[in-house]
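Before any comments, here is the structure.
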Amino acid sequence: MKRILVIAAILCSAIMVLQSCSSTKNASTIKRGNVTGTWVLSNVSYEGVPAIAVRSFLGEASASCFNGSTWSLTNSGNGSYILSGGAEGCVAKTQSIFWSASPADQTFQFKKLEDGDKAKNVDQGYRLVLFSATGDSMVLKSPVEYGSTTAYVVLNFSKATN
């Protein structure tokens with residue numbers, strides 16, 4: 001019996017050491033500075049969910065409304081996105097936002113601001129997974145419930161050229 005406990009303790013220790021040595025996802029390579037700038041949403045795709053199952057997205061009629069949108073993210077946290085309104089059911093608009101990114105937690109979050117709103121007074125927002133961010137591309141994943149699993153709407157951004 002004593003041998004079994006010793007073997008179990010050794011196995012648990014080995015597993016803990018292996019987990020602490022495993023590589024983290026992208027947290028060490030993503031920096032907040034990689035997120036700031038002007039971005040164009042070049043592609044919306046879906047992981048684990050059919051596109052037709054996502055009826056509305058980020059408070060808009062459809063995820064397709066965001067295709068080609070331009071996102072301006074300043075270092076101060078102020079920002080905006082512009083929707084062209086080109087897809088069916090989509091409205092052209094400019095939306096002010098207040099954003100933050102936490103590379104350590106791999107999150108990108110933002111609040112929509114209406115005229116006169118202060119970010120501290122807005123208690124609703126959106127939290128996305130900051131999957132990757134380099135100098136010229138960024139990928140955000142928005143979790144959506146699909147059945148009993150979590151699926152993702154994937155937003156692929158390209159850095160805008162001035």
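If you read the sequence from its start, that first residue is 1, and numbering goes on from there.
With hydrogens and angles left out, the side-chain atoms of Ser76 and Asn78 include a donor and acceptor closer than 3.5 Å.
Checking Asp123, Asp117, Ile97, Val122 one by one against Lys111, the side chain to side chain contact (heavy atoms under 4.5 Å, CB included) holds for a single residue, Val122. Exactly one residue among Val139, Asn67, Val44 makes a side chain to side chain contact (heavy atoms under 4.5 Å, CB included) with Leu155. That residue is Val44.
Taking the six-membered ring for Trp and the full ring otherwise, Phe66 and Phe57 have centroids separated by under 6.0 Å.
Geometrically, Arg127 does not engage Trp99 in a cation-pi contact, judged by NZ or CZ lying under 6.0 Å from the ring centre and within 45° of the ring axis.
Two residues are said to be in side-chain contact when any heavy atoms from C-beta on lie closer than 4.5 Å; Tyr126 and Lys112 meet this criterion. For the pair Phe110/Leu128, a side-chain contact is recorded, criterion being any heavy-atom separation below 4.5 Å from C-beta on. Side-chain contact between Val49 and Val144: present, with at least one pair of heavy atoms (C-beta onward) separated by less than 4.5 Å. Residues Phe157 and Trp71 form a side-chain contact, since some pair of their non-hydrogen atoms from C-beta on lies under 4.5 Å apart. Within the 4.5 Å cutoff, no side-chain heavy atoms of Leu130 are placed close to those of Thr107.
Residue Leu41 holds its CG atom at 11.5 Å from SG of Cys65, rounded to the nearest 0.5 Å. The OG atom of Ser142 lies 9.5 Å from the OH atom of Tyr152; values are rounded to the nearest 0.5 Å.
For residues 86-95, the salt bridge (charged side-chain N to carboxylate O under 4.0 Å, His left out) pairs, not counting sequence neighbours, are Glu60-Lys93.
With sequence neighbours excluded, the residues satisfying salt bridge (charged side-chain N to carboxylate O under 4.0 Å, His left out) with Lys141 are Glu47. Residues meeting the side chain to side chain donor-acceptor pair (under 3.5 Å) test with Thr134, sequence neighbours left out: Asp136, Ser137.
With hydrogens and angles disregarded, no donor-acceptor distance shorter than 3.5 Å links the side chain of Gln109 to the backbone of Ala101. Here the side chain of Asn34 pairs a donor or acceptor atom with the backbone of Ala133 at under 3.5 angstrom.
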